[in-house]
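Have a look at the structure below, then the notes.
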Protein chains: 2
Amino acid sequence: MDVLVPRPTKHQPERGDARTRLLEAARDTIREKGFAATSVDELCQAAAVTKGSFFHHFKSKEALGVAAAEYWAETTTAFFAGAPYHAPDDPLERVLAYVAFRKSIIAGDLAEFTCLVGTMVEEVYAISPAIREACAASIFGHAATLEADISAAIRERGISSDWTAESLARHTQTVIQGAFVLAKAGNDPALAREGLDHLDRYIRLLFGGPNKKKARS
Amino acid sequence: MDVLVPRPTKHQPERGDARTRLLEAARDTIREKGFAATSVDELCQAAAVTKGSFFHHFKSKEALGVAAAEYWAETTTAFFAGAPYHAPDDPLERVLAYVAFRKSIIAGDLAEFTCLVGTMVEEVYAISPAIREACAASIFGHAATLEADISAAIRERGISSDWTAESLARHTQTVIQGAFVLAKAGNDPALAREGLDHLDRYIRLLFGGPNKKKARS
DNA sequence: GCTGCCATACCGACCGTACGGTATGGACGT
DNA sequence: ACGTCCATACCGTACGGTCGGTATGGCAGC
């Protein structure tokens, strides 16, 4: 339990520097135990760095929280940009493929698929505006990546809607975040997948469900 | 599964007994700062009791968390049982009235309308099974109160569904919990109301397609 | 190419305090 | 007289944060 990773002593070790290791440890530990219940010492141990190193890279625990949220935003952006749901030609199919993809990655331990920034913002929204804003940037930034496809789907299908692409994009995140809460409460990932099924059904109904005629404009 | 009933004392009848005051302080403080970031001393100060009194009523901070979740379940059950959304004769109207009611109480400060057990379970699901289960009982117990109306609506409208009343009832809580997460991230209650609008639209679509928005009846 | 110098990265002992929890005893109703 | 309820004083420790220090690598001057 003592030795985890041989510490690279070079200055530019490929993605293996102490700062990154701390951010990864923060990501994993905070997702499991929450921000407040995660101690600096614990993070240092998990990342195999010392406290001196921690406070060299982050001026406070709160700063680590902000950096962790930003790191989360960066890594998830890259992850979803490279995901296969962008393949379909039809924009609505891309949106539905996104939902299916989100559902497909809900597996294994809860802390492996739940959302770091959703977890963090629940507990620190009132006590740390800096962390709250970093979490908001991650969530709403990710939601924004769906807007183009939703807008294109609205246009292509000639839907007349009393809702906007922006609003539906946000709602996907609402359902996903809520699905994680119920999965945690019930300690069952299937509860999260269930929420995604309803989201899929909702989107299909919005874009011409059984009783809806497609009105080509 | 019986729950200890807080008994009134004659000691300081005007303020309620210490146990109840502590539970109310816990409800308010934990909703704002989270469970881990709320200290026992802080709770004692807010409830105007001493630490001796705290540990007389609760054997540990974790036990207080469990009791707070149970207290939340009791008070919210009573609150929703007395709410006006049960009035309509039509079961579907009752379900929609529930959603509208949930939307209507989203106002003011975030900590005034967000869900204690949803907040708590996000941060303690992995470290306190007891609290997690108490939160689960509150969430899923509340969801279950919607099942009868949803089932009746399915029966009455004669729709064939590939989803169950139980599942849709849970989904209402998924959307509500997720709506709170986004509202906290964006620091804006309107984000929560937006989620409820989508939920309303989804339920209407499920029960017979493009019903226009309910005219004020 | 060695030397001196500096910035960055990292180390680990240490500090003040605030934390959860305990021990003990008194007030009060029954 | 006894159990419930509450108050005060206190304890051990784990917390976030500090500080003096070392190791490494880049670079300029010569």
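Every chain is numbered from 1 and lettered A, B, ... according to where its sequence line falls, protein lines coming before strand lines.
In this structure A/D28 satisfies the salt bridge (Lys or Arg N to Asp or Glu O under 4.0 Å) test with no other residue, sequence neighbours excluded. B/F55 meets the ring pair (Phe, Tyr, Trp, His ring centres under 6.0 Å) test with no other residue; sequence neighbours excluded. Applying the ring pair (Phe, Tyr, Trp, His ring centres under 6.0 Å) test to A/Y125 and every residue at least two apart in sequence or in another chain returns nothing. Partners of B/E62 under the salt bridge (Lys or Arg N to Asp or Glu O under 4.0 Å) rule, at least two apart in sequence or in another chain, do not exist in this structure. For A/R27, there are no salt bridge (Lys or Arg N to Asp or Glu O under 4.0 Å) partners, not counting sequence neighbours. With sequence neighbours excluded, no residue forms a salt bridge (Lys or Arg N to Asp or Glu O under 4.0 Å) with B/E112.
Only at 4.0 angstrom or more do the heavy atoms of residues 25-34 of chain B sit from any atom of DNA chain D, so none qualifies.
The CG atom of B/L22 sits 11 Å away from the C1' atom of D/dC6 (whole-angstrom rounding). Rounded to an integer number of Å, the gap from B/H56 NE2 to C/dC28 P is 16 Å. The CG atom of A/D17 sits 17 Å away from the P atom of D/dT24 (whole-angstrom rounding).
Looking at A/L146 and A/V95, their side chains never come closer than 4.5 Å, going by heavy atoms from C-beta outward.
In this model, the phosphate group of C/dC10 is approached by a side-chain N or O of A/H57 to a distance below 4.0 Å at OP1 or OP2.
The list of ring-ring contact (aromatic ring centres under 6.0 Å, His included) pairs with a residue in residues 127-150 of chain B, not counting sequence neighbours, reads B/F80-B/H142, B/Y98-B/H142.
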Heavy-atom contacts, protein to nucleotides 18-25 of chain C, under 4.0 Å, summarised as B (base), S (sugar-phosphate only) or - (none) per nt, yield -SBBB---
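Closest contact between the side chain of B/V49 and the listed nucleotides D/dA7, C/dC10, D/dC6 involves D/dA7.
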